[in-house]
Structure formats: structure tokens, C-alpha cells
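The structure appears below as C-alpha cells.
Every number for a ligand or one of its atoms is a count from 1 in the order of the listing.
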Amino acid sequence: MTTTTDANDASSTTDLVDELTAWLETNWDPEITVGEWWQRLGLAGWSAPLLPTHAYGRGLARNDAVKVGETIGDFGALSAPGGLGLLLAAPTIATHGTQEQIDLFVREIVTGVKGWCQLFSEPGAGSDLAGLTCKAIEDGDEFVITGQKVWTSLGQYADLGMLIARTNVEVPKHQGISYFAFDMHQPGVEVRGLREMTGHAMFNEVFMEECRVHKDALIGGLNNGWAVTNTTLMHERSGLGSGGGSAHGGLAIPGAVADNLGRRAGDFVRSTDKPKRRSSGGGGAAFGASAKLFIDLAKGNGTVADPTIRQDLMRLYTIGELGRFNNLRVKAAKAAGKEIKGMPNIAKLSMSEMTRLSRDVGLAILGASGMLHAYTDDQRAAVDQATGNPFGGMVTGMALFAQGPSIYGGTDQIQKNIIGERVLGLPKEANTDKTARFSELPKNA
Ligand SMILES: Cc1cc2nc3c(=O)[nH]c(=O)nc-3n(C[C@H](O)[C@H](O)[C@H](O)COP(=O)(O)OP(=O)(O)OC[C@H]3O[C@@H](n4cnc5c(N)ncnc54)[C@H](O)[C@@H]3O)c2cc1C
């Protein structure tokens, strides 16, 4: 049965797709450069449609924004500039930044001019992020930054970083943090790559020695960084969880470092006659369409007849559907001016679950050939030929990466703590961390 709400949703989504398709027919041109294309897309509000209109967006709900991304892909145009700028920095600055900061930073994100990374985690501050020790000391119109960050995804391509640093040690730890837009191309910054078992080197360590950031790049006010950080984390959890605005927006990489902006836009669009190989690097979009992908794989090699594989495929499909319904609930609540507490945390937990299940069912479908993983293009071609399955590498890549989603953006255990304490109202663990001065807290040696 179709309810009135469903019917309204369907017709508004159809209008949106029609409007975007008409816009793409006029504006998409594979011959222009990536930079020109992203200018058109970003300034028309299609790169980050979730954002409000004063921040280069269209104020859409998350599932409509996901539809926008799918429509651009289906049309055969280059997708929006992906990465952590679009996923995290833009919505955070749109919420806490001044209009000047929005017009500088968000504009350069939606048009792909600058690439961003997230400079949050430190060797001694992950789950306990507010325990960070990277310091920012005021010096006239600037702050001097010294410290180390770790697990910095895509830091090697970043022009700017969302940096959180300690600006006051004489107040409780959550109250002495500030949030900056940090220039990665300056003396004193060293980015060192870390290789993962997938074969990729997505992560980095970032060392900062007496670096500088101007006060104009302080987002959300001095010592108010924890509130700003929570906005970033909320977008990380809900964005990755729903597949909306993944860190992998397209094949072209935004920013000056990757040097893709001057190249022909059409060269970054996959040809439709080749099988679509999804990225195995991470991000919700890589898993969003999991059920369909794995059902097709299982049909392709006959394992769909195996009852345990069928059962896991159904579970995968069910989790995906629950995520879709939850997105609709959030959309309806937002339209009524309400909020459903804990949804970003639930979305993130669902993605972790979906990733682990994708790993298990994917490897079960592949059978013995799931033990072969390719680390280079040449190896990939050899494995594809030996197995006759062009998706094998994608499945093994996903399997090797599957540990990641239950850790980044706050581990599964931390999501459960948040739901327990802030949504269900369960008692918090007793400690003095939130009231004692940071300078008086015990530190790791
Ligand atoms: C793929 C990936 C990408 C990442 N990208 C970035 C990035 O771009 N930028 C960035 O800043 N960081 C990034 N991170 C780092 C990530 O945010 C941290 O790894 C994460 O917050 C956990 O911190 P930790 O590794 O220090 O683990 P710890 O905090 O040391 O946790 C270790 C274990 O203890 C558990 N634990 C800790 N505290 C509690 C508690 N109070 N209750 C219950 N259990 C608890 C945790 O759940 C975990 O199982 C990334 C991580 C991954 C895996």
C-alpha cells in the first residue's frame, strides 16, 4: 500500500531528478576541465545539496542528496568533488562559520579547488578525543601550532585540515579546545604515509612544529572547538552510515596536490561498457549498494542456491532497507521541525554491521578465490583473468578494509555508550574528567 507521505516523497524526488537531469543536459560537457565542471556543479548547489542555500547547497534531506549523487552518476557526468572537505568540513563550517568563512572555505570545497583532511586523532587521543594535547598558542593575530596527529585519511592530498588543538589547559578538557582551518602547505608540516593491509596508503601521520594559523581561520570561536567537533563527528556518522556524501565522490581528487583540476572532465568518468568497479577504500557509498551487488555476484557463480549465503544476503538486504527507512524517518522528522536522537550513531553502527556482513558473505561467495588479493593493477588483471571474476578484487579489498568502519568516526563501543547515556538516559561512568582542569589530569608518559 502506498501512503500519502510515500506518494508525496516519490513525486518530490521525481521533480528533483527531472530538474537535475535538465540542468545536466545543459551543463555537462566532457570536454571542459575538471575544475570548470566542478565550478558549474558547485555553484549551482549540486555538489553539496544537503547544505543550506547560503552555504552553496540546496537544503535537501539526506536521502534526496543521495539521489542527486546517483542521478549525476547515472547521467554519466563526473560526480561532485569527494573527500572529507565535502563530507565533513563544509557542513561544519556551514553550521559554525561566519558568512566570510563560508564564502572562502565552503565555496572552495564545493568547487573542488581545495582538498581537506581531518586532523583530530592523536597517538594518545582517539576515543578520548577531548584528551588531545596538540597545542595552539595565541601570538598576535595568529596561533602557533605544535603537535602530532595520526590516522589522517588522505592527508597526502590535503590543502587544508580540520584541526582541533588545545587553547586552554586550565579548564576542563572539553572546554579548552579550538577548531581551525589549517593550511597544510606551510613550513613545519610533515605528512608521513602509513600503509594498510589492503595495499593502499590512505592514512598518514601529520607532525606540526611551530606552524601558524590566522585568527580568521578559527571556526566557531575560541575554546568552543568541542561543539564544532561534535558537528563534524555527527556528519561523519550519519554521512558514512547512509552512504550520502561518501569520502569517495568520484575518480578525480579535489585540490591542488592531486593536480586533476586542469585535466579533461570526461577522462574521469567510467566508460559504461566496462564493469563498474567500486572503490575498496572505504566510505559508506562503497557499501550502500552491497545487497544488490552481492546478490548479482551470487547469481553469477551459482552460490545463490546455498541456503546460508541466501540467508546472509537477506540480512544484508534487510539492514540496507532499515537504513533507507530510517533516512525517511529522519526526513519526516526534519520536515516537522523535530530530531530523532541517536540516529547518526545508529546509522554508523548499521554501516559497521553491513561492512562485516559484506566481508563474510562476499568471501563465502568467492570461495577459494577469495584468498587471492591483488595489490597492483597488473596483479589485478592477472587475478581477474585467473578467476574469471572482475569483482573479486573489490570483494577482497572490502574484506581487508572491513575492520575500519567499526573504528573510524568513533568506535562501535563509543556509539553504544553515546546511545546508552544520551538517548536512553543510562547512568554515566563515574569520573572527574569533565570537571577537573586539563593540566591536572593524569597523562600517559
Ligand atoms: C579507516 C580509518 C580512517 C580514519 N581516519 C581518520 C582521520 O581522517 N582523521 C582522524 O583524526 N582520525 C581518523 N581515524 C582514527 C579514528 O578516529 C580512531 O582510530 C578512533 O577514534 C579510535 O581511537 P583509537 O584508535 O585511539 O582507539 P582507542 O580509543 O585507544 O580504543 C581502543 C579500544 O578501546 C575501546 N574503548 C575506548 N574507550 C572506551 C570506552 N569509554 N568505552 C568502551 N570502549 C572503549 C574502543 O572501542 C576500542 O575498541 C581513522 C581510523 C580508521 C580505522
Does ligand 1 have a heavy atom under 4.0 Å from the side chain of [X], from its backbone, from both, or from neither?
X: Asn417; result: side chain
X: Ile414; result: side chain
X: Ile407; result: both

Does [atom] have a protein heavy-atom neighbour under 4.0 Å away?
atom: atom 37 (C) of ligand 1; value: yes
atom: atom 34 (O) of ligand 1; value: no
atom: atom 16 (C) of ligand 1; value: yes
atom: atom 52 (C) of ligand 1; value: yes

Handout entry: Check: Thr167 and Phe180 side chains under 4.5 Å, non-hydrogen atoms
Key =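 Heavy-atom side-chain distance check passes, below 4.5 Å.
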Closest to [atom] among [options] (heavy-atom distance):
atom: atom 26 (O) of ligand 1; options: Cys117, Ser121, Gly126; answer: Gly126
atom: atom 3 (C) of ligand 1; options: Phe120, Trp151, Phe203; answer: Phe203
atom: atom 8 (O) of ligand 1; options: Pro123, Ser153, Gly404; answer: Ser153

Problem - Enclosure of Glu440 CD (heavy-atom neighbours >12, cutoff 6.0 Å) - result: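 Count over threshold, so yes.
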